[in-house]
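Being a predicted model, the structure only gives us computed values, none of them experimental. Each chain gets a letter, A, B and so on, in the order its sequence line appears, and its residues count up from 1.
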Number of protein chains: 2
Amino acid sequence: MQNAQEINGRSLEKEEGRLNSERIVDYIENEIIHGRLRKGDKLPTERRMAEEMSVSRASVREAVKALEAMGVVKSVQGSGNYITDDPDSTINRPLCTLFALSDGTLDNLLQLRALLEIEACKDIITAASDEDIRELGRLMSYDYNAAAREQAKLDSKFHMSIVQLSRNTLVRYLYTTVLRLIDVYRERVLEETEQRGESNLTKRDHEDIVLALRKRDLTAVTQVLRSHILLNKDYRDALDRPYRTLV
Amino acid sequence: MQNAQEINGRSLEKEEGRLNSERIVDYIENEIIHGRLRKGDKLPTERRMAEEMSVSRASVREAVKALEAMGVVKSVQGSGNYITDDPDSTINRPLCTLFALSDGTLDNLLQLRALLEIEACKDIITAASDEDIRELGRLMSYDYNAAAREQAKLDSKFHMSIVQLSRNTLVRYLYTTVLRLIDVYRERVLEETEQRGESNLTKRDHEDIVLALRKRDLTAVTQVLRSHILLNKDYRDALDRPYRTLV
DNA sequence: ACAGCAAATTGGCCTGACCAATTCAAAGTA
DNA sequence: TACTTTGAATTGGTCAGGCCAATTTGCTGT
């Protein structure tokens with residue numbers, strides 16, 4: 001088998017120390033970072049890549065699976081491997097298990113959540129249209145007497161909608177992940193305690209948030225958000241325990 | 001070949017739709033999240049896992065490579081696969097290419113960086129010891145006349161040291177990643193423009209930061225950090241261009 | 001022009017083999 | 001006894017080549 005190869009004039013020599021699959025991952029990552037491969041593009045066939053890079057298909061597959069784990073590639077049987085950028089499946093899972101490994105606490109999560117959401121609100125206050133904010137108001141008017149589980153879902157949706165108005169891609173991505181991590185815990189709590197009313201507090205908070213946004217009052221929105229997120233009594237008992245032990 | 005299997009009483013039936021490698025990833029992730037596998041632990045042999053789960057070693061390897069891409073596992077030839085939690089190799093690369101895919105701008109990055117570092121400073125001001133802050137001061141006193149590249153490296157180290165004092169695991173992790181993304185760009189700039197003095201500004205800022213921390217003055221530290229990070233003229237021309245086009 | 005079907009394509013998975021780094025225990029030595 | 005050496009066993013890295021299953025493609029007949 002050959003050892004040196006060229007693809008697009010780029011050398012793919014068998015470097016010392018690096019695994020085949022790593023080299024392939026690097027190559028594809030590079031193509032992406034430099035814009036030669038873009039969202040939706042189809043990668044060459046596994047068999048073809050294997051041949052071009054003079055490696056076995058097994059190595060190529062390991063690379064593809066790695067990229068898929070990073071959420072950069074999506075495999076479709078019978079069709080091909082495609083570049084994607086789903087922020088959900090992406091950073092999400094890695095960050096989740098990583099966080100579990102790291103003895104991070106629930107409080108860590110909530111703190112970051114508040115940080116990101118407040119940042120998004122800054123953007124909203126300075127740049128969002130009145131219509132955008134009105135839309136948030138509509139999202140807010142859901143049934144606050146529905147089942148707890150359903151309600152939690154809508155609550156998440158409300159907050160997600162806020163953050164989606166941020167102009168910062170990274171903030172939107174990370175918030176998605178952080179909120180999901182929190183939701184996992186929330187779900188767990190719901191399983192155990194099942195139901196419980198008291199969503200009036202939530203309703204009140206949500207109204208206050210939208211109101212403050214409408215007034216473009218950052219101080220107010222910051223205050224409400226901090227208490228809404230950080231002082232939620234559902235979390236109080238668990239704040240300082242490692243997230244890992246909660247889910 | 002068998003289809004149903006049990007490991008630790010947990011069923012691993014061949015579910016519809018899920019890939020073998022995915023099932024294995026899920027299984028291991030789960031073991032981690034629930035604390036049954038911890039940092040430093042060694043995974044079972046690839047051959048053993050393959051046998052236990054009734055799949056081929058190829059599938060197991062795809063799963064292991066996926067976990068490695070997420071930074072959760074580290075493979076060592078001849079030795080084994082180990083649970084790790086290196087925040088560097090971890091979230092870092094995925095986030096990097098993902099960010100490249102997403103049209104995120106350099107400004108997005110800097111904004112988030114400021115956010116995280118200021119959050120860390122809050123922690124420092126309320127909880128760090130005077131000794132910790134003195135240590136920062138020592139880190140700061142490096143040669144501000146060294147080569148630009150060397151200087152950039154020390155600058156990063158200084159800021160990293162600040163954030164490492166945060167009690168929030170997630171903040172520390174994310175900052176590492178964000179800073180690295182920025183450094184990639186910075187490195188690029190250095191390659192092009194090569195050298196240039198003017199590090200007195202940096203020196204001044206760093207002094208101000210440590211001073212403000214020493215005084216436990218959050219307002220001051222916030223102000224200095226924001227201008228230090230956001231108003232750096234090196235970035236000015238590139239702020240609104242997609243990060244992808246910069247590296 | 002369209003619907004239906006069959007072949008080609010493409011990813012998913014398996015077997016079984018060999019290499020290379022590491023580990024480990026037995027044998028040898030000081 | 002304690003340390004070193006060394007070779008076998010272990011374990012990840014890679015390969016070849018095959019079969020299956022989903023999808024795509026293109027031909028065919030209406």
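When every heavy atom of A:P44 is checked against every heavy atom of A:M49, the shortest pair comes out as O-CE, 3.3 Å. Contact detail for A:S166 and A:R172: the closest heavy-atom pair is O-NH1, 2.8 Å. Scanning both residues, A:V64 and A:S75, for their nearest heavy atoms gives CG1-OG, 3.6 Å.
If you check C:dT10, D:dG12, C:dG12 against the side chain of A:E46, the one that comes closest is C:dG12. Which of D:dT11, C:dG11, C:dC14 sits closest to the side chain of B:R47 comes down to D:dT11. Comparing atom distances between the B:S21 side chain and each of D:dC15, C:dC13, D:dG12 picks out C:dC13 as nearest.
Atom CD1 of A:I24 is separated from atom P of D:dG13 by 14 Å (rounded to the nearest Å). One atom, CG of B:N20, and another, P of D:dA21, lie 13 Å apart when rounded to the nearest Å. In this structure, CZ of B:R61 is placed 18 Å from P of C:dG16, rounded to the nearest angstrom. Computed from coordinates, the B:L19 CG to D:dA22 C1' distance equals 12 Å when rounded to whole Å. Atom CD of A:E68 and atom P of C:dG11 are 12 Å apart (whole Å). Between A:R48 atom CZ and C:dG11 atom C1' there is a gap of 17 Å when expressed in whole angstrom units. The distance between atom NZ of A:K65 and atom C1' of C:dC13, rounded to the nearest whole Å, is 11 Å.
Using a 4.0 Å cut-off between a side-chain N of Lys or Arg and a carboxylate O of Asp or Glu, B:R36 and B:D41 do not qualify as a salt bridge. Under the 4.0 Å criterion applied to side-chain N and carboxylate O atoms, A:K65 and A:E62 are not assigned as salt-bridge partners. Remark: B:R48 engages B:E52 in a salt bridge, criterion side-chain N to carboxylate O under 4.0 Å.
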Protein-nucleotides 20-26 of chain C N/O pairs closer than 3.5 Å?
{"residue": "C:dA20", "atom": "N3", "partner": "B:Q77", "partner atom": "NE2", "Å": "3.2"}

Pairwise N/O distances under 3.5 Å, protein to nucleotides 7-9 of chain D:
none

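Here the CG-CG distance, from A:L116 to B:L174, works out to 8.0 Å after rounding to the nearest 0.5 Å. For the atom pair CD1 of A:I162 and NZ of A:K157, the computed distance is 13.5 Å after rounding to the nearest 0.5 Å.
Between A:N81 and C:dT10, a side-chain N or O to OP1/OP2 separation shorter than 4.0 Å is absent. Between A:S59 and D:dG13 there is no side-chain N or O to OP1 or OP2 distance below 4.0 Å.
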- Task: Decide side-chain contact (heavy atoms from CB on, under 4.5 Å) for B:N108 and A:V171; before the verdict, give the C-alpha distance in whole Å, the side-chain angles of both, and the deciding distance to 0.1 Å.
- Result: CA-CA 8 Å; B:N108 287 171; A:V171 167; over 6 Å; no
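For C:dG16, its base never sits under 3.5 Å from the side chain of B:R57 at any donor and acceptor pair.
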